Amino acid sequence: MNESITLTDNRNGASVEVPIVNGTVDARAWADLLPGVYFHDPSFGNTSGAASAVCELDGDAGYLRYRGHPIEQLAEQSTFLEVAHLLLFGELPTRPQLNGFADEIAESASIHENFHKRILEGFRDDAHAMGVLVSSVAALSTFYPDGKDVEDPTVRRSQMVRLLAKIPTLAASAYRRSVGNPYVQPDPDLPYTSNFLSMMFRPAEGGYEVDPVLTRALDLLFVLHADHGQNCSTTTARSVGSSHADPYVLLSAACSALYGPRHGGANEAVLRMLEEIGSYDQVDDFVAKVKTGEQLLMGFGHRVYKNYDPRAKIIKETAHRVFEVTGKNPLLDMALKLEEVALADDYFVRRKLYPNVDFYSGLIYQSMGFPVEMFTVLFAIGRTPGWLAHWDEMLTQNSRIARPRQLYTGEATRDVVPIDER
Ligand code: ACO
């Protein structure tokens, strides 16, 4: 079979044959044939904006792999720090590599006292944790101007370690500030996720024991969120990074993109939706409203997955393990019924709408004691190695600045009328 397409400009009969390589055609061939004529693809649904070796997903087949490793195997056998090493440096670590990496992270986890006093203390008491995270990650840029030398791979490596190390500390500090509790310093003797839980929940007088089942569940959730190809926040990260901005403002921009309810903010929106539905017997009425377009079923649907999201399957199993420790989340029955009703309904079947990663994650977070405002922050901690891996990869590719074209739909040329004559 000839793996190519032929484009013909019917205005003059000129044509060009373009090979199909890995399911893509090179837009430069189009540009050569049709200078000044552009693809109009506002949500990039039919545009590949990056070549990446970080993560592969197939929405029809329903699989997700990080650097070739199936997500199911990573979820079962690897910790979040191993997965972060895999995404950032290309391979799962040996034990000595992992120990060295964990030590580097532990050494960089604390944040400057001025940061607590002058920046975190400046927010309103009811500030949303994601707003605090977005701003405080950006503020790190002012503390670490060395991060601006983005073309130096050694500099990039230390910024990646620093950001991965500090993001849980910032997240926990944002939470403790919002509840008026004193900040807890990172404990270098604790593993990554236990340390985060300790910074979140340890009482001032000490004596906090992290439950191993809950720690493993949260670590697993971080693994499942660690990367997902060119989603909205990663595309934002690559776009900002393409201007050679420093990684702190880049990560802040990625967190901003994640915040929206169509993306990472969906985990918070699912919980609010379940609370609004209120009871099991209201589920059918709610689904009816979704079908008339009055509501969205949050936690359902995905641009790429047109099959069950493999992460949602693992999260659903994890939820049951967590509820054995915490007791069942009262919203679970409603969520299960929503899923059952939706998966049997022609509206959802025809549109291939399945639960995504956010449908069950919020129930777990809530049962573990996280307030709803922290849910997207948890997603951001998990996604940090993915964003950084894409940033680093892009800078090794001699990429050009991101600069799409636009289809202008405004007024034709017109004269400016002096202000008093308008
Ligand atoms: N509930 C009800 N209907 C839906 C939903 C939903 N959650 N999602 C999509 N649809 C419908 C659309 O209305 C559309 O119907 P139509 O063909 O009659 O117009 C059809 O399904 C196709 O939807 P699109 O809008 O084309 O899907 P798109 O790929 O642009 O959007 C998105 C994907 C944003 C995830 C969307 O499904 C959504 O808003 N879901 C709810 C929010 C959510 O859970 N986001 C998390 C995504 S995963 C993540 O980012 C971590």
Side-chain angles (χ1 to χ4, degrees), residues 41-47 49 55 57-60 62-64 66 71 130 221-237 254-274 276-277 283-316 331 335 337-365 372 374-387 390:
D41 186 18
S43 59
F44 309 129
N46 288 300
T47 302
C55 158
L57 57 146
D58 183 318
D60 293 318
Y63 70 71
L64 170 62
Y66 296 163
I71 192 66
M130 262 317 265
L221 283 159
F222 288 159
V223 167
L224 298 179
H225 285 90
D227 195 47
H228 211 235
Q230 302 308 311
N231 52 82
C232 178
S233 55
T234 303
T235 301
T236 302
C255 288
S256 305
L258 188 75
Y259 192 2
R262 285 174 158 186
H263 190 13
N267 53 17
E268 178 173 344
V270 169
L271 242 282
R272 297 202 188 280
M273 171 188 77
L274 292 172
E276 198 187 310
I277 295 173
V283 166
D284 289 317
D285 281 357
F286 180 80
V287 171
K289 281 191 200 155
V290 172
K291 288 162 65 176
T292 56
E294 270 174 79
Q295 305 264 359
L296 276 180
L297 177 48
M298 300 310 288
F300 259 66
H302 200 275
R303 173 61 57 79
V304 178
Y305 287 125
K306 300 301 172 196
N307 198 330
Y308 211 99
D309 182 336
R311 303 167 301 172
K313 204 178 286 170
I314 302 170
I315 289 180
K316 199 170 161 185
L331 299 173
K337 183 166 180 203
L338 255 180
E339 179 184 343
E340 190 189 311
V341 171
L343 293 183
D345 191 297
D346 191 48
Y347 175 95
F348 299 90
V349 174
R350 264 194 295 121
R351 291 170 177 78
K352 299 187 176 167
L353 298 171
Y354 290 89
N356 58 49
V357 67
D358 288 321
F359 192 66
Y360 286 103
S361 61
L363 294 177
I364 303 182
Y365 298 145
V372 189
M374 281 297 286
F375 291 2
T376 311
V377 173
L378 299 172
F379 192 151
I381 297 175
R383 184 55 57 85
T384 293
W387 288 327
H390 282 275

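Being a predicted model, the structure only gives us computed values, none of them experimental. Both ligands and their constituent atoms are indexed starting at 1 by order of listing. For the numbers below, each heavy atom of this structure counts, side chains included, while hydrogens, waters and symmetry mates do not.
For the 3.5 Å distance criterion, the side chains of Tyr66 and His228 fail to qualify, holding no donor opposite an acceptor. Asp358 and His263 share no donor-acceptor pair across their side chains, judged by distance under 3.5 Å alone. Using modelled atom types and a 3.5 Å distance limit, the side chains of Tyr360 and Glu339 yield a donor-acceptor pair.
Dense packing is recorded around CG of Asp346, with more than 12 heavy atoms of other residues, nucleotides or ligands lying under 6.0 Å away.
The CG atom of Leu221 lies 8.5 Å from the CG atom of Leu378; values are rounded to the nearest 0.5 Å.
A side-chain contact (heavy atoms from CB on, under 4.5 Å) with Gln295 is found for one member of Val287, Val290, Ile277 and no other, namely Val290.
Near ligand 1, residues Pro261, Arg262, His263, Ala266, Val290, Leu296, Leu297, Met298, Gly299, Phe300, Gly301, His302, Arg303, Tyr347, Arg351, Leu353, Asn356, Val357, Asp358, Phe379 come within 4.0 angstrom through at least one heavy atom.
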